S.K.: 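What follows is a single structure, and I will ask about it in a moment.
Just so it is clear, the model here is predicted, and its values are computed rather than measured.
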Amino acid sequence: METDDVLDGAPTADTAARVREVIAAAGVSQREFARRVVMDPSKLSRSLSGTRRFTAAELARIADEGQVDAGWLLGTRSREKAAAPTVGVEGGRPLQIVRETVRLIAEHGFHAVRVADIARACATSSAAIHYHFPGRAELLEAAVRWCMDEDTARRATRLAEADDAAAELRQLIALQTPRTAQQRRQWAVWLDLWAEAARSTAVGRLHSEYYRQWRETVADVVRRGVGQGVFRAGLDPQAAALTLTALIDGLATHVLSVGGPSSAAAADAMHAALTTHVTDTILAP
């Protein structure tokens, strides 16, 4: 199930072809287009090849960048861009529901969150929640997808600001260090989903796939750094990404287990340890 906050219908086999038209009309590379729509390049590539479905949020950004109607990408309306709705997705009820669901998962755990709790947090009824999301499973999956899309968007924005691969890696480390309330909430959801991945549930499989994409993002940065000469020659990108992401996961788990004033010190220690690891094993001497 794909989150569908602003679009009608579901992506069809022709959606990828229409997105390709938009990219061609933009006159930029696929990677540059991904940066413009704050989308992970690997996600865009897989969506265009048909091995992954575009989410509604991604199609909305693509439509906005290409100045076409989002419904046209789905094959439901003409190509011309429609007038903007009176209430955008930022103020929409579905997005409020998803955000509150993410918050509740972070605070109470994946299995403790009930539809009634979400309805209470949104000051509405369970029936209203079910109007937008048929069941609890669909709602929780939508919340996880939104959480992951938000993380990908932040990552793409920060990487676009970096001058070289070394700066990109520093940005990734900063993004993954849980200092702010939002970062800690994202990590709480992330860690809670590890158990789902071990059970091979639908959400668990989604988590595993996202983790694979995240590790590949790190590997791509390492690969670029070797090519640029800022990382050690002969470095294995996949092995380096596996080690670094494992360190990030373990250290972040420790930071989240520390509460109160000590959490800031723990986050500083995590960042310092990761920086030392990069300096000693990845950066060119």
S.K.: Would you kindly confirm whether L175 and V221 end up in one hydrophobic cluster when ILVMFWY residues are joined by side chain heavy atoms under 4.5 Å apart?
M.R.: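 Each belongs to a different hydrophobic cluster.
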S.K.: Can you tell me which residue pairs pass the salt bridge (Lys or Arg N to Asp or Glu O under 4.0 Å) test with a partner in residues 102-119, sequence neighbours excluded?
M.R.: E100-R103, R103-E107, R114-D117, D117-R120
S.K.: Looking only at heavy atoms, which two atoms of P41 and A34 are closest? And how far apart?
M.R.: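 Residues P41 and A34, closest heavy atoms: CA-CB, 3.9 Å.
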S.K.: At what distance, to the nearest 0.5 angstrom, does CD1 of I118 lie from CZ of F133?
M.R.: 9.0 Å
S.K.: Is the closest side-chain heavy-atom distance between R46 and Q213 below 4.5 Å?
M.R.: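 Yes - at least one pair of side-chain heavy atoms lies under 4.5 Å apart.
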S.K.: Compare all side-chain heavy atoms of D249 with those of Y211 and state whether any distance is below 4.5 angstrom.
M.R.: yes
S.K.: Does the side chain to side chain donor-acceptor pair (under 3.5 Å) test come out yes or no for Q96 and R99, once each step is laid out?
M.R.: CA-CA 5 Å; Q96 180 198 18; R99 282 177 167 167; over 6 Å; no
S.K.: Measuring from Q228:CD to R223:CZ, what's the distance to the nearest 0.5 Å?
M.R.: 13.0 Å
S.K.: What I'd like to find out is whether the side chain of I282 reaches to under 4.5 Å of the side chain of R232, using heavy atoms alone.
M.R.: no
S.K.: Give me the atom names and distance for the closest heavy-atom approach of V226 to G234.
M.R.: CG1-N, 4.4 Å
S.K.: If I take atom CZ from residue R136 and atom CD from residue E138, how far apart are they, to the nearest 0.5 angstrom?
M.R.: 11.0 Å
S.K.: Check this for me: does any side-chain nitrogen of one of R155 and D151 sit under 4.0 Å from a carboxylate oxygen of the other?
M.R.: yes
S.K.: For residues R20 and S49, report the shortest heavy-atom separation together with the two atoms involved.
M.R.: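 Smallest heavy-atom distance, with atoms named: NH2-N, 4.2 Å.
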S.K.: Using a 4.5 Å cut-off on heavy atoms from C-beta on, say whether the side chain of M270 contacts that of I248.
M.R.: yes
S.K.: What residue pairs, at least two apart or across chains, pass side-chain hydrogen bond (donor to acceptor under 3.5 Å, both in side chains) with a residue in residues 23-32?
M.R.: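 Every pair satisfying side-chain hydrogen bond (donor to acceptor under 3.5 Å, both in side chains) with a residue in residues 23-32: E32-R35, E32-R36.
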S.K.: Please check this pair: side chain of H130 against backbone of P134, looking for a donor-acceptor N/O pair closer than 3.5 Å.
M.R.: yes
S.K.: Would you compute the distance between atom CD1 of I97 and atom CD1 of I129 and round it to the nearest 0.5 angstrom?
M.R.: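 That separation rounds to 3.5 Å.
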S.K.: Ignoring hydrogens and angles, state whether a donor on the side chain of D40 or Y210 is under 3.5 Å from an acceptor on the partner side chain.
M.R.: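 Y210 and D40 do not have a side-chain donor-acceptor pair below 3.5 Å.
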S.K.: Go through R18 and E21 one step at a time and tell me if the salt bridge (Lys or Arg N to Asp or Glu O under 4.0 Å) criterion holds.
M.R.: CA-CA 5 Å; R18 295 188 182 95; E21 285 187 41; over 6 Å; no
S.K.: When you look at R154 and Q182, which way does the side-chain contact (heavy atoms from CB on, under 4.5 Å) test go after all the steps?
M.R.: CA-CA 12 Å; R154 282 193 296 273; Q182 173 64 13; 3.9 Å; yes
S.K.: Determine whether E216 and D220 make a side-chain contact, defined as any pair of heavy atoms from C-beta on separated by less than 4.5 Å.
M.R.: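 Side-chain contact under 4.5 Å: yes.
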S.K.: For the residue pair V22 and G66, what are the closest heavy atoms and their distance?
M.R.: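 Minimum heavy-atom contact is CG1-CA, 3.7 Å.
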S.K.: Output the distance between atom CZ (R224) and atom CG (L169), rounded to the nearest 0.5 Å.
M.R.: 10.5 Å
S.K.: I need the minimum non-hydrogen distance between T101 and A143, along with the two atoms involved.
M.R.: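 Heavy atoms of T101 and A143 come nearest at CG2-CB, 3.6 Å.
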S.K.: Drop me the distance from H132's NE2 to C122's SG, to the nearest 0.5 angstrom.
M.R.: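 SG of C122 is found 9.5 Å from NE2 of H132.
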S.K.: Is there a path from V28 to L48 through hydrophobic residues (I, L, V, M, F, W, Y) whose side chains come within less than 4.5 Å of each other?
M.R.: yes
S.K.: Is Q176 close to W187 at the side-chain level, that is, under 4.5 Å between some pair of heavy atoms?
M.R.: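 Contact flag for W187/Q176 side chains = yes.
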S.K.: Show, in sequence, the C-alpha distance, side-chain angles and deciding distance for V255 and R184, and conclude whether the side-chain contact (heavy atoms from CB on, under 4.5 Å) test is met.
M.R.: CA-CA 9 Å; V255 173; R184 292 179 69 88; 3.8 Å; yes
S.K.: List the atom of A116, the atom of S126, and the distance in Å for their closest heavy-atom pair.
M.R.: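 So the two residues come closest at CA-OG, 3.7 Å.
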S.K.: Can a donor-acceptor pair be found, under 3.5 Å and without considering hydrogens, that links the side chain of D14 to the backbone of A17?
M.R.: no
S.K.: Quick one, I62 and F54 - any side-chain contact, counting heavy atoms below 4.5 Å?
M.R.: yes
S.K.: Step by step, work out the side-chain contact (heavy atoms from CB on, under 4.5 Å) result for C147 and Q186.
M.R.: CA-CA 7 Å; C147 197; Q186 291 277 97; 2.6 Å; yes
S.K.: So K43 and T152, do their side chains get closer than 4.5 Å, heavy atoms only?
M.R.: yes
S.K.: For the pair E209 and R212, evaluate side-chain contact (heavy atoms from CB on, under 4.5 Å) and give the outcome as yes or no after the intermediate values.
M.R.: CA-CA 5 Å; E209 171 59 18; R212 185 196 65 76; 2.9 Å; yes
S.K.: According to the salt bridge (Lys or Arg N to Asp or Glu O under 4.0 Å) rule, which pairs have a member within residues 256-273, sequence neighbours left out?
M.R.: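 Of all non-adjacent pairs touching residues 256-273, those that pass salt bridge (Lys or Arg N to Asp or Glu O under 4.0 Å) are R179-D268.
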S.K.: Checking side chain to side chain contact (heavy atoms under 4.5 Å, CB included) between V218 and each of T245, T243, I173, which is the one that passes?
M.R.: T245
